[in-house]
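Beneath this line is the structure, given in structure tokens, with notes to follow.
The first residue in the sequence is number 1, and the count goes up from there. In listed order, ligands and their atoms are each counted from 1.
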Amino acid sequence: MRMYDLIMKKRNGGSLSKEEIDWMIRSYTDGEIPDYQMSAMTMAIYFQGMTTRETADLTLAMAHSGDMLDLSDIPGIKVDKHSTGGVGDKTSLTLTPMVAACGLKVAKMSGRGLGHTGGTIDKLESFPGFSTGISMDTFKENVRTIGLSIMGQTLNLAPADKKLYALRDVTATVDNMSLIASSIMSKKLAAGADAIVLDVKTGSGAFMKKEEDAVALAKEMVSLGNHAGRKTLAVISDMDQPLGFAVGNILEVQEAIDTLNGKGPADFTELCLTLGSLMLVAGGICADADQGRALCKEAISSGKALQKLGQLVEAQGGDPSYVEDPSKFPKAPIIREVLSEEEGYITHIECDEIGMCSLVMGGGRATKESTIDLRVGLILQKKRGDFVKKGDCLAVLHAADEETFLQAKERFLKALTFGKEEPKAVPFIKQIIEA
Ligand code: URA
């Protein structure tokens with residue numbers, strides 16, 4: 001086979017066969033197809049699209065390009081969860097201990113943040129000593145004993161996607177439905193869980209800005225997962241403003257702990273309960289979502305969910321006293337309010353810009369190699385629909401120095417739109433997609 005012929009076929013609107021896709025992914029992973037030919041292919045896919053069958057073949061080819069984890073020696077149904085990424089998204093930190101406290105086995109692979117979206121691994125590393133670079137044996141042992149383990153993607157999981165994603169990132173070919181769906185699902189299939197619950201975001205802080213695109217992506221991923229024999233479902237939720245109030249690593253860990261103490265923001269708590277109840281049903285812990293929700297609430301009110309986070313932190317080398325007393329985390333040297341220069345209702349928040357405020361203060365990576373300042377970020381004091389007077393506090397910024405504080409403040413103020421009319425409330429959970 002020749003890559004030239006496959007590029008031409010796709011460029012002219014043809015469909016690639018399973019054999020062609022398998023050969024292409026194998027050869028690209030092995031370094032036999034150069035990046036410039038693969039870039040031409042992703043651009044051809046971007047413009048011509050892929051059929052459902054081609055997307056499924058691409059997903060499986062990428063999933064099998066490296067190790068396929070076998071979790072079958074851990075008793076019970078193992079459930080994984082994946083978010084398409086957003087601003088203030090600390091969901092895994094609250095959700096996974098909450099469902100593990102209900103008896104579910106959670107074996108989770110997580111990533112680091114890139115760009116304006118944060119990653120669970122960076123947040124967990126806020127606990128002094130915490131390691132996500134644990135061995136496969138420790139990972140499985142912790143799932144068996146405490147019901148929960150979270151490790152970084154240090155293994156050779158879907159290496160084809162790793163290469164392809166980096167290429168798409170620099171060739172303007174990320175936002176194609178088939179490429180996103182196959183990228184996410186190849187990693188999830190390789191990670192070995194029996195069931196997968198997807199947290200698909202839509203809005204100005206998400207990949208999928210329009211709800212119909214988020215729904216189409218969710219349907220595609222749910223179908224890919226179910227066809228591969230893993231029970232898969234998706235929740236579409238609002239990312240037109242940050243999730244909760246906190247944005248930034250330590251600040252988000254503190255908000256996740258508050259939520260495990262039953263004192264979390266309403267939107268974030270609702271997302272955790274919705275995803276949690278579906279995970280418990282998928283994992284065979286309870287019969288329906290109402291029962292699942294009641295179990296999740298009980299795990300929080302009894303303190304068992306918080307205790308589970310402490311067990312996770314301790315089992316992976318971290319200091320669990322920070323779970324009991326989150327005020328122990330280090331603080332940024334500058335903690336200062338941003339006051340409103342306008343009056344009116346907040347009608348729109350440019351959510352990815354809020355993520356960028358945290359990034360410019362050092363809370364995110366500009367490149368994969370950057371180190372991040374876990375202390376910086378912001379706590380929103382107002383959200384969409386709130387009425388604000390001149391001089392009211394909009395947010396509290398946590399910055400490492402004066403210069404980045406001023407940069408973030410300027411960006412923050414530009415990210416908000418004010419109006420005279422109260423904006424119409426939008427549902428936070430938009431849809432649940434099952435099959
Ligand atoms: N997340 C992924 O893992 N892949 C994509 O293509 C987009 C988001």
State whether a side-chain donor-acceptor pair under 3.5 Å links Ser149 with Gln316. yes
Is it the case that Ser182 and Thr59 place a side-chain donor and acceptor less than 3.5 Å from each other? no
Please confirm whether Thr84 approaches ligand 1 to less than 4.0 Å, judged on its heavy atoms. no
Going by the order shown, which atoms of ligand 1 are within less than 4.0 Å of some heavy atom of Lys187? 2 (C), 3 (O), 4 (N)
In terms of side-chain heavy atoms, does Lys308 have a donor or acceptor partner in Gln311 at a distance below 3.5 Å? yes
Geometric cation-pi criterion, Lys201 with Phe207: 6.0 Å, 45°: no
Would you please indicate if the ring centroids of Phe127 and Phe329 are separated by under 6.0 Å? yes
Relative to the heavy atoms of Ser183, which atoms of ligand 1 are at a distance of less than 4.0 Å? 2 (C), 3 (O), 4 (N), 5 (C), 6 (O)
Regarding Ser135 and Thr138, is there a side-chain donor-to-acceptor distance under 3.5 Å anywhere? yes
Which protein non-hydrogen atom lies closest to atom 8 (C) of ligand 1, naming both residue and atom, and how far is it? Phe207 CE1, 3.4 Å
For ligand 1, which atoms have a heavy atom of Tyr165 less than 4.0 angstrom away? 4 (N), 5 (C), 6 (O), 7 (C)
Can you report which non-hydrogen protein atom sits closest to atom 1 (N) of ligand 1, along with the distance? Ile184 CG1, 3.7 Å
Contacting atoms of ligand 1, where contact means under 4.0 angstrom from a heavy atom of Arg168: 6 (O)
